A.B. asks: 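Pasting in a structure now, in C-alpha cells, and then I'll have a few things to ask.
In this text the structure is predicted, and so the values were computed from the model without any measurement.
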Amino acid sequence: MARTTARTANGRPTRCRTLLVAAALLAGAALPALPLTAAHPAAAASAPDRASAAAPAPPCRADRLTAGGAERQGTTGFRITVVNEGPGPCVLTGHPALALAGQGAPGRGKPLAVTPLGAARPVQLAAGAAAQTRITFTPVLGEADGYCASGAEPFAAPSMVVGVAGARIQLGPDDGGNFALCGTGVRATAFRPAS
C-alpha cells in the first residue's frame with residue numbers, strides 16, 4: 001500500500017492514511033445493507049412477540065367468564081370474583097349490574113339500583129386470571145322476621161344475578177345463607193385485579 005506524506009503547518013511530516021480510509025469505504029460500499037434484526041437473530045425472533053404483546057386484548061366476553069359463590073364480607077357485603085376461562089387474555093371494565101333472584105330463575109330477578117364506587121379502569125385478565133368487585137348494602141336487622149331501620153321493606157333471596165361483560169351469572173352466598181337487604185339499592189366497586 002502506498003503512503004502519502006503531508007506536512008503540518010510547522011513543517012513536520014505527517015502520515016496520512018488516506019489510501020487506507022478510501023479502501024475501507026470502498027469495501028463497506030460493496031456489502032449489502034442488512035436490516036437491524038438480521039444482524040441480531042434474537043431481536044428478529046422476538047419482534048413478532050413484541051408486536052403481539054403490544055396489541056390490546058379484546059374485551060372479555062360472556063362465554064369466557066365464570067364465577068364462584070359470593071364471599072360474605074361482614075354483615076353488609078359480598079366479594080364477587082370472576083375468572084377469565086378463555087384461551088387468551090381479555091379486558092374487563094366497569095361495574096357489575098345486579099339483581100336478586102330465586103334458585104334457577106336468573107331471568108326473573110329483582111333488579112337492584114347499583115351506585116358505582118370508584119373509577120372504572122380496564123383490567124387485563126390473562127387466561128385463568130381473576131377480577132373482583134365488592135358489593136355493599138344496607139342489611140336487614142333482627143332475626144327471622146327482620147326489619148329495616150329506614151322503614152323500607154326487607155327483601156331476601158337465595159341467589160344474586162351478576163351482570164358482567166354481557167353474562168348473567170347466578171351466584172349464591174358462600175355460607176349457604178340468603179342475600180337479605182333493605183330496599184333495592186346497593187353499592188359496587190369497579191372490577192379490580194383479584195388480590
Side-chain angles (χ1 to χ4, degrees), residues 46-140 148 152-195:
S46 65
D49 296 336
R50 281 194 307 262
S52 63
C60 292
R61 296 189 329 236
D63 61 344
R64 289 186 167 192
L65 296 176
T66 61
E71 181 184 348
R72 193 175 295 276
Q73 302 282 294
T75 59
T76 62
F78 288 90
R79 180 173 48 213
I80 296 170
T81 303
V82 295
V83 178
N84 174 14
E85 296 290 341
C90 67
V91 174
L92 183 62
T93 304
H95 298 79
L98 299 163
L100 292 179
Q103 294 291 3
R108 301 178 120 189
K110 177 179 182 175
L112 299 173
V114 177
T115 300
L117 300 176
R121 295 186 299 247
V123 178
Q124 181 151 336
L125 298 175
Q132 296 175 327
T133 182
R134 181 170 157 74
I135 312 301
T136 56
F137 51 86
T138 303
V140 174
C148 296
E153 186 69 27
F155 186 79
S159 69
M160 179 181 288
V161 178
V162 179
V164 54
R168 291 167 37 148
I169 303 169
Q170 189 168 5
L171 304 170
D174 66 340
D175 61 5
N178 283 328
F179 293 102
L181 57 121
C182 292
T184 59
V186 296
R187 295 162 298 283
T189 62
F191 282 101
R192 298 284 183 253
S195 53

A.B. asks: Out of Ile80, Leu98, Thr133, Leu92, which residue meets the side-chain contact (heavy atoms from CB on, under 4.5 Å) rule with Val164?
C.D. replies: Leu92
A.B. asks: Keeping Asn178 on the side-chain end and Ala180 on the backbone end, is there a donor-acceptor pair under 3.5 Å?
C.D. replies: no
A.B. asks: Please answer whether the main-chain N or O of Ala101 pairs with a side-chain N or O of Ser159 as donor and acceptor at a distance below 3.5 Å.
C.D. replies: yes
A.B. asks: Looking at Val186, Leu100, Ile169, which hits side-chain contact (heavy atoms from CB on, under 4.5 Å) with Met160?
C.D. replies: Leu100
A.B. asks: So, do Pro122 and Thr93 sit near enough that their side-chain heavy atoms are less than 4.5 Å apart?
C.D. replies: yes
A.B. asks: Are Arg187 and Val114 close enough that some pair of their side-chain heavy atoms sits under 4.5 Å apart?
C.D. replies: no
A.B. asks: Run the salt-bridge test on Arg64 and Glu85 with the 4.0 Å N-O cut-off and return the result as yes or no.
C.D. replies: no
A.B. asks: Hey, does the side chain of Asp174 reach the backbone of Arg72 with a donor-acceptor pair shorter than 3.5 angstrom?
C.D. replies: yes
A.B. asks: Over all heavy atoms of both residues, which pair between Phe179 and Pro173 is shortest? Give the atoms and the distance, please.
C.D. replies: CE1-CD, 3.4 Å
A.B. asks: Which heavy-atom pair separates Pro89 from Gln124 by the least distance, and what is that distance?
C.D. replies: CB-NE2, 4.0 Å
A.B. asks: What are the two closest non-hydrogen atoms of Ala120 and Ala190, and how far apart are they?
C.D. replies: CA-CB, 3.8 Å
A.B. asks: Check whether any side-chain heavy atom of Pro193 lies under 4.5 Å from a side-chain heavy atom of Leu125, and answer yes or no.
C.D. replies: no
A.B. asks: Would you call Gln132 and Ser195 a side-chain contact if the rule is heavy atoms closer than 4.5 Å?
C.D. replies: yes
A.B. asks: I need the minimum non-hydrogen distance between Cys60 and Ala165, along with the two atoms involved.
C.D. replies: O-CB, 3.4 Å
A.B. asks: Is there a side-chain contact between Phe191 and His95, using heavy atoms and a 4.5 Å cut-off?
C.D. replies: no
